[in-house]
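Structure, as C-alpha cells:
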Amino acid sequence: QSSGEAQLQAEQEEAERLEKERLEREHLKKLEEKYQGARESELAELNSLEQKFLSAQQWKMDYREQAKWEHYLSCDGSPDPTVPQEMNTFMSLWREDQDESVQLVMEKGEVVLKLIEKLEFLLLEASPNEITEEQRVQYQEFILQLQVLLHQKYNEATQNLLKVTSMYEDSETGNMHTVIKDKNTTFCIWVNLKKKPRFKTHMFQEAGHGFDLPKSLALSSVAVRVLHTRYDHVSPLWLQCQGLPRQEASDNEESAEHPKDNGQEPGEEEEKGREEPSVPAAEETPSKERKESAASLTENSNNTDDKKETEEETEKNSDILDEPSQGISLFLMCSTAKVLRLSILYVKNSSLEEAAEVVDPQQLVPVGGVYHTDALQLPPQAQDVRDWSMVELLDVGWEVYPYSPGEAEDGTQAAVQITLRLPDNVIYFEAPVVARWDPAGQQWRTDGISNITYEAQERSITFGMGAFYTVALLQDAHLNLPYQAWELQPTGVDEGLCTVTAVFATIQIQIKDNQCMLSSVVVEEEEVLSHITGQWMSPFALREALKRAGVNIFPAEHSHKYVPVPRKAALAEGKAYEQMALLAAAFAFAHSKWNGEAGPGQVVFKVSEHLKADSAKDNHWSLYMFNGEKVQTLKLTETSEAFSEELEEESEFHSTLYHMLKDLASKEAMDKVERAGSLFIDSVYQLLLATRVLAFS
C-alpha cells in the first residue's frame with residue numbers, strides 16, 4: 001500500500017515537473033518571438049541615440065581646429081607641430097645654437113616636451129578624416145627627432161659646462177659639482193679635478209643621487225653625470241606612448257592578412273631601432289569607431305588560450321567588424337603585465353639565460369623616468385693669462401671616458417656604485433626592478449646590475465654597475481590588476497563618478513562633459529598623488545598622468561596573458577561599454593561577482609536607477625546579463641549560492657540595455673538619458689574602454 005502510494009506520488013511529481021518545464025519552454029519561446037519581432041525597431045531607436053557619439057567626434061574635431069587657429073594668433077614663437085615647415089625650421093635653428101647652457105636647454109626642453117605631447121595626443125585621438133596616413137608617419141618622425149635633438153642638446157650643454165669647471169669648484173674637496181633642476185629634469189655633474197682617492201664618493205644633496213667610484217676612476221681626469229629625465233625618451237615609441245602599435249607583427253591571423261604600414265625613421269643613426277609604424281585612428285564615425293574598438297577586443301580575445309572555443313563562437317566574436325582590426329590600444333594607452341612577478345621575455349634563438357636577462361616590455365615598464373649615468377672625458381680647461389681667459393678648442397665634442405671595470409682588491413669586479421632617490425610624485429607598490437638600456441638590442445636588460453638595496457622609507461635605491469649605463473626603475477604594469485570592484489554612477493547633470501578598487505589602491509575619477517578629474521587615490525588608507533588630483537583634463541591625459549605616477553589601471557593589448565581573469569568576447573564587452581555610456585546619466589553600474597561565471601560570451605553587471613545622491617543602495621541593484629545582442633534580467637542576486645541564467649519573473653528579452661531599462665525605469669530617468677550631453681557620454685565610453693572593467697575584474 002505504502003510503496004504504491006509512494007510510486008504514485010513520484011509519478012505525479014514527475015508529471016508536474018515535466019508540465020512545468022513545458023510551460024517554461026513555451027514561455028521562453030513566446031519571449032524569444034517577441035524579442036525577434038521587436039529587434040529591428042529597438043536597434044533603430046538605439047542607433048538614433050548613438051548619433052551622440054558622432055556629435056562628440058565632430059565637437060573634438062572643431063575644438064582641435066580652433067586650438068590651431070588660436071595658436072596661430074598667439075605668435076608665441078613655438079611651432080605648430082602639425083606644420084612640417086615650422087617644425088623643420090624650429091629644429092634646424094636649435095641645432096645651430098652651439099653655446100647653450102644647461103638652464104637654457106631646460107627652458108627650451110619644456111617647449112619640446114609640449115610639442116611631443118601634442119603630437120602624441122593627436123596621433124591617438126584624431127580620426128582619418130583629420131590626418132592622412134602620410135601625416136601620421138610624419139608626426140612620429142617629428143616625435144623621434146625632437147627626442148634625439150633634446151638629448152643631444154643636453155650633451156652639448158654638458159660639454160660647455162665642463163669647459164668652465166672652475167666656476168663650480170668646491171673649496172673643501174677641490175673638485176667641481178653642481179645640481180641644476182626643473183620639473184622635468186634633474187642634471188647632476190661632478191668633476192674629478194684633484195684626483196684624490198678619498199673623494200671617490202659623492203652625494204648630490206639637492207637631488208639625493210650619488211655614486212661611489214672604483215679607485216682607478218678616482219685617480220683619473222673624469223667627470224660623472226647623472227641626468228634624470230622624468231620622461232622616457234629611450235624606450236621604443238610604442239612603449240613610451242601606449243596606443244602606438246609595435247613594429248613586430250602581431251600573432252593573430254588578422255594582422256597577418258592585413259599588415260600595417262611602417263613609418264620611416266628620422267634619420268639619426270642611433271635611432272635605427274626605434275622605427276615605428278603608422279598610428280591607428282582613435283575616432284572615426286561613431287559606428288566605425290566602436291566597431292574598431294570592439295574588433296580590437298576580439299583581437300585580444302582570440303588567443304591560443306581559447307582554442308577550445310568553437311568555430312561558431314569565434315565567428316560570432318569576430319563578426320562585429322567589417323574591416324581589419326586596428327587595436328583596442330587606441331583607447332588603452334597602457335601596456336604590460338602580471339601573473340609572473342618576474343619579467344621574462346622569451347627571445348627566439350637565444351638561450352634561457354639570455355632570455356631571463358631581457359625585460360619583457362609588456363610586463364615591466366619604466367616608472368619615474370630614465371637616469372642617464374655617464375663617465376666623461378674632460379675637455380681642455382680655460383686658462384687665465386693676464387686679462388684673458390684662453391681655452392683650447394678641440395673638434396671632438398662629447399667624449400665618453402673609456403672605462404672598463406678592473407678587479408677590486410678582493411678579486412671581484414670593481415663596480416660603480418650608484419644611489420638614486422626615487423621621485424616624490426611616483427608610487428612604487430613593490431621594490432622596483434633596476435634595468436639598463438641596451439642600445440644595440442633596443443631593449444631593457446637586468447644583467448650588469450648587482451647588489452641592489454632598496455630603502456622604501458628613505459625612497460632610495462643603491463646598486464652596482466659594471467659600466468656606466470642608462471638605467472630605469474621598472475614596475476609590473478599589472479600589479480593593480482585584476483580589479484577587486486568598480487562602480488560608475490551619475491552625480492549631476494552630465495557629471496559622474498567612476499570608482500575602481502584595484503589590488504593596492506582605490507581610485508576615484510570624476511567625469512564632467514569632455515573632461516575627467518582624478519578625485520582621489522587611496523593607498524593603505526592614505527590619500528596620495530596630490531600633485532595631479534583636482535585637475536580637469538582629457539581622458540587620454542588623465543591616463544598618461546596616472547601611469548607616469550605609477551598607478552596603472554589601464555589594461556593593454558596583451559594584458560590577458562598576464563592577468564588571471566576569464567576572457568570575455570569582444571561583442572559582449574564592447575557593446576556593453578557603449579550602452580552603459582549612453583545610460584550613465586541616470587543609472588549606476590557596478591561589478592558583479594557572477595561576471596566571471598557567465599562564460600566568455602556573456603557579461604554580467606549590476607544596474608540601479610540613480611537620480612539622487614547615494615540612491616544606489618544594496619537592495620536597489622538588479623543583475624543583467626548581456627551578450628552584445630540580447631540582454632536579460634537575472635533572478636540571481638549577489639548572495640545567491642550558485643550562478644544561474646534563470647530569468648527574473650515577469651521580465652523579457654531585449655536587444656539593447658536601453659530598452660531593457662526603459663521597461664523598468666521611471667520617466668524621469670529616461671528623460672535624463674535622452675537629454676544627456678554627447679561629450680559626457682563620450683568621456684564615459686573612453687574611460688570604460690580604457691579600464692575594461694568587465695574583462696579585468
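Quick note: numbers below take in every heavy atom, side chains included, and nothing from hydrogens, waters or symmetry partners.
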Can you confirm whether [X] sits close enough to [Y] that some side-chain heavy atom of one is under 4.5 Å from a side-chain heavy atom of the other?
| X | Y | result |
| --- | --- | --- |
| N480 | F696 | no |
| L473 | V367 | no |
| H151 | K153 | no |
| L546 | N552 | no |
| V234 | H372 | yes |
| Y454 | R459 | no |
| E120 | Y139 | no |
| T462 | I418 | no |

Any donor-acceptor pair under 3.5 Å from [X] side chain to [Y] backbone:
| X | Y | answer |
| --- | --- | --- |
| S519 | I509 | no |
| R436 | D447 | yes |
| Y483 | I553 | yes |
| Q475 | G550 | yes |
| Q442 | P439 | yes |

Evaluate the criterion side-chain contact (heavy atoms from CB on, under 4.5 Å) for residue pair M517 and M537; output intermediate values, then yes/no.
CA-CA 6 Å; M517 179 180 77; M537 58 187 83; over 6 Å; no

Please report the C-alpha distance between R95 and L149 in whole Å, then the side-chain angles of each, then the deciding distance to 0.1 Å, and finally whether the side-chain contact (heavy atoms from CB on, under 4.5 Å) criterion is met.
CA-CA 8 Å; R95 284 191 187 98; L149 181 56; 3.5 Å; yes

Restricting to side-chain contact (heavy atoms from CB on, under 4.5 Å), what partner residues turn up for E458, sequence neighbours left out?
E455, S460

Option among T499, T533, T501 that satisfies the side chain to side chain donor-acceptor pair (under 3.5 Å) test with Q508
T499

Have a look at R230 and tell me which of N184, T186, D182, T185 forms a side chain to side chain donor-acceptor pair (under 3.5 Å) with it.
T186

Which heavy atom of [X] sits nearest to which heavy atom of [Y], and what is that distance?
| X | Y | answer |
| --- | --- | --- |
| P197 | L219 | CG-CD2, 3.5 Å |
| K195 | S221 | NZ-OG, 3.3 Å |
| P423 | G368 | CG-O, 3.7 Å |
| A218 | N192 | O-ND2, 2.8 Å |
| A223 | L162 | CB-CD2, 3.7 Å |
| V191 | N175 | O-CB, 3.2 Å |

Side chains of [X] and [Y]: is there a donor and an acceptor less than 3.5 Å apart?
| X | Y | answer |
| --- | --- | --- |
| E100 | W94 | yes |
| D360 | Y562 | yes |
| T470 | Y371 | no |
| E141 | Q145 | no |
| D232 | S235 | yes |

To the nearest 0.5 Å, how far apart are [atom1] in [X] and [atom2] in [Y]?
| X | Y | atom1 | atom2 | value |
| --- | --- | --- | --- | --- |
| T373 | H228 | OG1 | NE2 | 12.5 Å |
| I180 | E206 | CD1 | CD | 10.5 Å |
| N451 | M465 | CG | CE | 12.5 Å |
| L227 | C188 | CG | SG | 8.5 Å |
| S101 | N160 | OG | CG | 8.5 Å |
| I189 | L161 | CD1 | CG | 5.5 Å |

Pair L217-K200, side-chain contact (heavy atoms from CB on, under 4.5 Å): steps then yes or no
CA-CA 8 Å; L217 277 180; K200 69 187 182 73; over 6 Å; no

Students often mix this up, so state it plainly: with edges at 30° and 60°, are the rings of [X] and [Y] parallel, tilted or perpendicular?
| X | Y | result |
| --- | --- | --- |
| W190 | F211 | perpendicular |
| Y231 | H233 | tilted |
| Y154 | F187 | parallel |

Assess whether side-chain contact (heavy atoms from CB on, under 4.5 Å) is satisfied between Q484 and V503, documenting all intermediate values.
CA-CA 7 Å; Q484 311 303 297; V503 175; 3.6 Å; yes

Is the count of non-hydrogen atoms from other residues, nucleotides or ligands lying under 6.0 Å from E524 atom CD greater than 12?
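Atom CD in E524 is not crowded, with 12 or fewer foreign heavy atoms closer than 6.0 Å.
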
Is the Lys NZ or Arg CZ of R543 less than 6.0 Å from the centre of F540's six-membered ring, within 45° of the axis?
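Pair R543/F540 counts as cation-pi.
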
